[in-house]
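Heads up: numbering here begins at 1 and tracks the sequence. In listed order, ligands and their atoms are each counted from 1.
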Amino acid sequence: MPTLFDPVEMGALKLPNRILMAPLTRGRADKAAVPTAIMADYYAQRSAAGLIISEATGISREGLGWPYAPGLWSEAQVEGWKPVVAAVHAAGGRIVAQLWHMGRLVPESVSGMQPVSASATRAPNKLHTYDGKQDPTEARAVTVDDIARILADYAAAARNAIAAGFDGVQIHGANGYLVDQFLRDGTNLRTDDYGGPIANRLRFMRDVVQAVAGEVGIERTGIRLSPIGDSQGANDSDNATLFTAAAAALEALGVPWIELREPGPHSTFRASEEAAVSPAMRGVYSGKIILNSDYVGASAQDKLAEGVADAISFGRPFIANPDLVERIRRDAPLDQAEVATFYSRGPEGYTDYRTRPEQEAA
Ligand SMILES: Cc1cc2nc3c(=O)[nH]c(=O)nc-3n(C[C@H](O)[C@H](O)[C@H](O)COP(=O)(O)O)c2cc1C
């Protein structure tokens, strides 16, 4: 059985260990969604991760609704990412860009336009905006022409990611955003080729994979899914069947890795009583599976031993412990992430978490 410290290959990516940094929105870009200099420090501090999956990054103005989150559709954004990616590489790390279209979860006041989704639905919860929390606008159902345009946006963003120096991309298919809105029958009410039976609801995800892979190569294309747990109102009547079929579709496309957010019943981030779908997905998928949510060193190692996961991604532990890989190796205590500064501006709670000196090891 592999340990967390064994190398692993995922398509074109050669990772020196299996302790990965999960994607984490931190809101430190500027209002034009251009990365700022402090982001280079933050990511470089965490470059010992086997792989850094970047914070969710908008593929278009239409698709990005999180205040001060970065994008990858403009020249200025590409230029802004270059020093961030270069800093990670200079520190010996690897980083892929998480490509994001938020669909109906985009607040109209942030994008300046009515949000789009698979169907005309409204997100259930208030949304973060530059002016506090606001009620969502009902989304407009995308036309087939819109879908072609959005696929072109994914392709352009993937191309831009490579131009900025990223080692690959991860399609954000999780947490109730646009890809997920197409996957689930609670938000996809379409009666055309993109809706109805599971094979049709998988079509948009497949199209996005092909659009992205057409630019960067399938060997640099991964995806994140969240088969169980809260997904911001995007629900399905049968997650187990849907996501097992999704894994089979990703197998057929040759996608080299899938990251899964599968919170357990005691999770401190959107807990779920539902049974994990990952074992069934493992049965139909031969690529690498990365599991996420609530892992610490020992539980991550135990999970690898079960044979479903090839690697583990850590979110909040990587916020508070830039030297997480070293701490797990030395079994040193972990610091706790400060919720109040998750999305605040500036270095506090961002680049000022300490690394733990050797002599403090347990
Ligand atoms: C501050 C914060 C920001 C997050 N941003 C993203 C994101 O941009 N993309 C994403 O897929 N998940 C995002 N998540 C979910 C995390 O990737 C991860 O699934 C979650 O933190 C649970 O893992 P953990 O227990 O290791 O923290 C975010 C979570 C937190 C706490």
Side-chain angles (χ1 to χ4, degrees), residues 4 18-29 33 35 39 42-43 46 49-59 63-72 95-103 105-106 127-128 169-181 222-232 234 257-272 276 278 290-300 303 309 311-321 324-325 327-328 334-345 348-350 353:
L4 289 169
R18 298 166 187 237
I19 299 170
L20 279 45
M21 181 171 165
L24 293 159
T25 293
R26 304 302 310 275
R28 262 78 173 185
M39 290 166 61
Y42 165 77
Y43 281 114
R46 288 155 181 78
L51 177 68
I52 295 172
I53 302 162
S54 84
E55 64 204 280
T57 300
I59 62 161
L64 183 61
W66 194 277
Y68 299 112
L72 261 172
I95 181 168
V96 295
Q98 190 186 46
L99 300 185
W100 202 22
H101 191 307
M102 296 170 64
L105 292 165
V106 176
L127 306 172
H128 286 283
V169 298
Q170 181 191 68
I171 296 159
H172 194 343
N175 302 353
Y177 296 109
L178 184 62
V179 172
D180 217 5
Q181 291 161 29
I223 189 165
R224 176 178 242 224
L225 299 171
S226 53
I228 60 167
D230 175 80
S231 50
Q232 311 191 76
W257 50 282
I258 308 176
E259 187 199 13
L260 298 174
R261 187 177 70 78
E262 281 200 312
H266 306 296
S267 174
T268 49
F269 186 86
R270 303 182 187 165
S272 175
S278 50
I290 305 161
L291 286 183
N292 167 256
S293 270
D294 300 282
Y295 289 103
V296 292
S299 63
K303 199 70 198 175
I312 302 292
S313 66
F314 299 81
R316 291 159 297 172
F318 252 118
I319 291 178
N321 304 275
L324 183 66
V325 174
R327 290 211 209 184
I328 293 176
L334 298 185
D335 289 323
Q336 292 302 311
E338 188 66 56
V339 177
T341 50
F342 274 176
Y343 310 113
S344 60
R345 311 280 294 147
E348 197 194 338
Y350 190 57
Y353 285 105

Taking [X] for the side chain and [Y] for the main chain, is one N or O donor matched with an acceptor at less than 3.5 Å?
{"X": "Arg46", "Y": "Asn321", "result": "no"}
{"X": "Thr57", "Y": "Glu55", "result": "yes"}
{"X": "Arg345", "Y": "Gly27", "result": "yes"}

Counting only heavy atoms closer than 4.0 Å, does ligand 1 sit against the backbone of Arg26, its side chain, both, or neither?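 Contact part for Arg26 vs ligand 1: neither.
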Which part of Asn292 is near ligand 1, with near meaning a heavy atom under 4.0 Å away: side chain, backbone, both or neither?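 It is the side chain that touches ligand 1; the backbone stays farther off.
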Sub-4.0 Å atoms of ligand 1 with respect to non-hydrogen atoms of [X]:
{"X": "Ala22", "result": "17 (O)"}
{"X": "Tyr343", "result": "1 (C), 2 (C), 3 (C)"}
{"X": "Asp294", "result": "24 (P), 25 (O), 26 (O)"}
{"X": "Pro317", "result": "26 (O), 27 (O)"}
{"X": "Phe314", "result": "26 (O)"}
{"X": "Asn175", "result": "10 (C), 11 (O), 12 (N)"}
{"X": "Gln98", "result": "7 (C), 8 (O), 9 (N), 10 (C), 11 (O)"}

Of all the heavy-atom pairs spanning Pro227 and Arg261, show the shortest one and how long it is.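 Scanning both residues completely, I find the closest heavy atoms to be CD-O, 3.9 Å.
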Does a side chain donor of either Ser344 or Arg26 reach within less than 3.5 Å of an acceptor in the other side chain?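 Distance-only check fails for Ser344 and Arg26.
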Is there a donor in the side chain of Thr268 and an acceptor in the side chain of Arg316, or the other way round, less than 3.5 Å apart?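 Yes, side-chain donor-acceptor contact under 3.5 Å.
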Protein heavy atom at shortest distance from [atom]:
{"atom": "atom 26 (O) of ligand 1", "result": "Gly315 N, 2.7 Å"}
{"atom": "atom 20 (C) of ligand 1", "result": "Phe269 CD2, 3.7 Å"}
{"atom": "atom 12 (N) of ligand 1", "result": "Arg224 NH1, 3.0 Å"}
{"atom": "atom 30 (C) of ligand 1", "result": "Leu24 CD2, 3.7 Å"}
{"atom": "atom 4 (C) of ligand 1", "result": "Thr25 N, 3.4 Å"}

Heavy-atom contact under 4.0 Å between Tyr295 and ligand 1?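 Heavy atoms of Tyr295 never come under 4.0 Å of ligand 1.
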I'd like to know if Trp66 contacts ligand 1, where contact means a heavy-atom distance under 4.0 Å to any ligand atom.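 Per 4.0 Å heavy-atom rule, Trp66 does not contact ligand 1.
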Side chains of [X] and [Y]: closer than 4.5 Å at any heavy-atom pair?
{"X": "Val325", "Y": "Phe318", "value": "yes"}
{"X": "Ile228", "Y": "Pro263", "value": "yes"}
{"X": "Arg327", "Y": "Asp335", "value": "yes"}

Would one find an N or O of [X], backbone or side chain, under 3.5 Å from an N or O of ligand 1?
{"X": "Ala56", "answer": "yes"}
{"X": "Arg261", "answer": "no"}
{"X": "Ile319", "answer": "no"}
{"X": "Arg316", "answer": "yes"}
{"X": "Pro23", "answer": "yes"}
{"X": "His172", "answer": "yes"}

Member of Leu20, Ile95, Ile19, Ile290 meeting the side-chain contact (heavy atoms from CB on, under 4.5 Å) criterion with Leu51: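 Among Leu20, Ile95, Ile19, Ile290, the one that satisfies the side-chain contact (heavy atoms from CB on, under 4.5 Å) with Leu51 is Leu20.
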Nearest-0.5 Å distance that lies between atom [atom1] in [X] and atom [atom2] in [Y]:
{"X": "Tyr42", "Y": "Leu24", "atom1": "OH", "atom2": "CG", "result": "5.0 Å"}
{"X": "Arg270", "Y": "Asp294", "atom1": "CZ", "atom2": "CG", "result": "12.5 Å"}
{"X": "Gln181", "Y": "Ser231", "atom1": "CD", "atom2": "OG", "result": "9.5 Å"}
{"X": "Ile171", "Y": "Leu178", "atom1": "CD1", "atom2": "CG", "result": "12.0 Å"}

Among Ser293, Ser313, Ala320, whose heavy atom sits nearest atom 22 (C) of ligand 1?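 Considering heavy atoms of Ser293, Ser313, Ala320, the nearest to atom 22 (C) of ligand 1 sits in Ser293.
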